[in-house]
Amino acid sequence: MKSITVQSLTEKFHLEVLAGASRMDRTITRPRTHRPGLEFVGYFDFFPMERVQVLGRKEINYLLTLSVEDRMLHIGNIVKYHPPCFIVTTGQQEIPYLTHFCDQEGIPLLRTPETTTEFIAKLDSYLVKTLAPELSIHGVCVNVSGIGILLRGKSGIGKSETAHTLIGRGHRFVADDIVVLKKLGPATLLGTHNETTREFLALRSIGLINVVRQYGRTAFQDETRIVLDIELCPWQENSLNNELEQVTQFSEYLGVRIPHIEIQLQPGRDIAGLIEAAANNWYLKQLGYSAVEEFMKRIEEGMQP
């Protein structure tokens, strides 16, 4: 199971440490945060204790309305579950009772000047991506007209050269050689690089190039949602399916199914152009348009007396 430490989270978001400094090595394993509301009134049946607990103005102001005895009781009930850490938002100051409990139990208490809504949005996004299940595969990742594509094929078949051609046509490069796939949801697969290869594209006979240095910042992006899996294959006579519309094939990565297309290579074929066509065709299908259906409709209309 992937995890990050409270220390790394503190450094990432420049959080102030108020208590529990000796336990910054505590680990976070669950994405998304939790605001304890029902827990403060004693309902713990579905308390996600493995999540980071965020205390906004609503939670702090409620605690301040309680008597000292009730306040200590409610806070003590939550602290005994030992969540990874507590984060107080909006720079709130009136929290010495929290400091006492967190120091006593060895739970980091952190603070940010950011508003609750803005901070939770950023933190949730970071945790989901950082803790997402991931898989590294051999391939190339590009973004064609806003559509994330995974290019696969045997070594030397021309994946990187095709990506280079697409960059020249105004599309964006994401990763070469090693593509890191992250599952962000049941149907969402993110493609990115492994940091070491960030911005680098390896071209046979040329060598390693830095895409950003050569073509500018707009030629590169850190990540993209993968919606097409395209495999480059050697040309095989009489193997292409020339029906009007092929049955959609799928590849599966981390349990996420992605439409799969096979493009066979032959001298003179515009592979980059075919990839652009595949991306545009996928987009039109998402809008409910089918070229085949329109073509068949025209034929039917032409056959009518």
Side-chain angles (χ1 to χ4, degrees), residues 1-40 44 46-64 66 68 71-134 136 180 182-184 190 192-196 198 222-223:
M1 179 181 294
K2 296 181 66 178
S3 67
I4 59 172
T5 64
V6 174
Q7 179 65 45
S8 65
L9 190 71
T10 301
E11 295 171 356
K12 171 69 177 179
F13 290 94
H14 308 290
L15 302 175
E16 179 184 2
V17 181
L18 303 177
S22 62
R23 291 305 314 276
M24 299 296 285
D25 59 343
R26 290 175 65 91
T27 58
I28 301 167
T29 59
R30 293 283 300 276
R32 304 195 184 283
T33 56
H34 177 67
R35 296 181 69 176
L38 289 174
E39 291 78 16
F40 278 139
F44 287 89
F46 300 97
F47 178 43
M49 58 185 177
E50 303 92 350
R51 294 184 181 179
V52 172
Q53 306 296 312
V54 177
L55 304 176
R57 285 191 182 279
K58 179 174 65 175
E59 290 78 19
I60 298 301
N61 287 341
Y62 169 73
L63 290 173
L64 292 174
L66 302 175
V68 174
R71 186 186 309 159
M72 301 297 273
L73 174 64
H74 291 315
I75 295 173
N77 286 338
I78 290 181
V79 169
K80 71 181 181 182
Y81 284 92
H82 286 259
C85 65
F86 290 96
I87 302 179
V88 176
T89 61
T90 326
Q92 298 174 90
Q93 302 291 325
E94 299 179 3
I95 51 175
Y97 46 89
L98 281 172
T99 304
H100 167 75
F101 270 103
C102 288
D103 267 331
Q104 180 176 310
E105 297 293 332
I107 302 173
L109 174 63
L110 315 170
R111 182 164 59 192
T112 176
E114 295 190 60
T115 63
T116 308
T117 302
E118 292 178 350
F119 180 72
I120 287 179
K122 291 197 299 185
L123 181 54
D124 278 349
S125 176
Y126 171 75
L127 290 175
V128 166
K129 290 180 181 179
T130 303
L131 299 177
E134 66 178 49
S136 295
V180 179
K182 295 188 175 186
K183 181 180 180 180
L184 301 189
L190 193 73
T192 186
H193 48 79
N194 68 348
E195 290 296 339
T196 302
R198 186 177 189 270
D222 267 314
E223 57 192 30

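For the numbers below, each heavy atom of this structure counts, side chains included, while hydrogens, waters and symmetry mates do not.
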Inset, instruction - Decide yes or no on side chain to side chain contact (heavy atoms under 4.5 Å, CB included) for I75 and H100, but give the supporting numbers first. - result: CA-CA 10 Å; I75 295 173; H100 167 75; over 6 Å; no

Only distances under 3.5 Å count here; give the side-chain donor-acceptor pairs of residues 76-88 to other protein atoms, sequence neighbours excluded, each with its distance to 0.1 Å.
from : atom 1 : to   : atom 2 : distance (Å)
N77  : ND2    : L73  : O      : 3.3
H82  : NE2    : E105 : OE1    : 3.1

Legend entry - Straight-line distance of T192 OG1 to R198 CZ, nearest 0.5 Å: 8.5 Å

Inset, instruction - State whether the number of non-hydrogen atoms from other residues, nucleotides or ligands found under 6.0 Å of K2 atom NZ is greater than 12. - result: yes

Legend entry - Value rounded to 0.5 Å, distance of NZ in K182 from OG in S136: 9.5 Å

Legend entry - Main-chain N/O of G37 paired to E39 side chain as donor or acceptor, under 3.5 Å: yes

Legend entry - Spatial distance of atom OH (Y97) from atom OG1 (T99) [nearest 0.5 Å]: 9.0 Å

Inset, instruction - Please step through side chain to side chain contact (heavy atoms under 4.5 Å, CB included) for the pair L127 and L9, ending with a clear verdict. - result: CA-CA 9 Å; L127 290 175; L9 190 71; 4.3 Å; yes

Inset, instruction - Kindly give the heavy-atom pair with the smallest separation between G20 and D103, and that separation in Å. - result: N-OD1, 3.0 Å

Inset, instruction - Search all heavy atoms of P36 against all heavy atoms of Q53 and return the closest pair with its distance. - result: CD-OE1, 3.7 Å

Legend entry - Residue pairs, two or more places apart or on separate chains, that pass salt bridge (charged side-chain N to carboxylate O under 4.0 Å, His left out) and touch residues 51-61: R35-E59

Legend entry - Flag side-chain contact, heavy atom, 4.5 Å: M49 against H34: no

Legend entry - Contact check, side chains of V6 and I28, non-hydrogen atoms, under 4.5 Å: yes

Inset, instruction - Scan residues 117-133 for pairs that pass salt bridge (charged side-chain N to carboxylate O under 4.0 Å, His left out), counting only residues two or more places apart or in two chains. - result: E114-K122, K129-E223

Inset, instruction - Would you mind reporting whether V128 and R32 have side-chain heavy atoms less than 4.5 Å apart? - result: yes

Legend entry - Test item: L98 and I60 side chains (from C-beta on) under 4.5 Å apart, heavy atoms: yes

Legend entry - Separation between OG1 of T89 and CG of L15, rounded to the nearest 0.5 Å: 11.0 Å

Legend entry - For D222 against H193, the heavy-atom pair lying closest together: OD1-NE2, 2.7 Å

Legend entry - Sub-4.5 Å side-chain heavy-atom contact between F13 and L123: yes

Inset, instruction - Determine whether I4 and K12 make a side-chain contact, defined as any pair of heavy atoms from C-beta on separated by less than 4.5 Å. - result: no

Inset, instruction - Go through the structure and list residues passing side chain to side chain contact (heavy atoms under 4.5 Å, CB included) with N194, not counting sequence neighbours. - result: I178, V180, T196, T197

Legend entry - Euclidean distance, T90 OG1 relative to F119 CZ, rounded to 0.5 Å: 10.5 Å

Inset, instruction - For Q7, enumerate each residue passing the side chain to side chain contact (heavy atoms under 4.5 Å, CB included) test, keeping only those at least two apart in sequence or located in another chain. - result: T5, E11, M24

Legend entry - pair L55-L63: side-chain heavy atoms closer than 4.5 Å: no

Legend entry - Non-neighbouring partners of R71 that pass salt bridge (charged side-chain N to carboxylate O under 4.0 Å, His left out), sequence neighbours left out: none

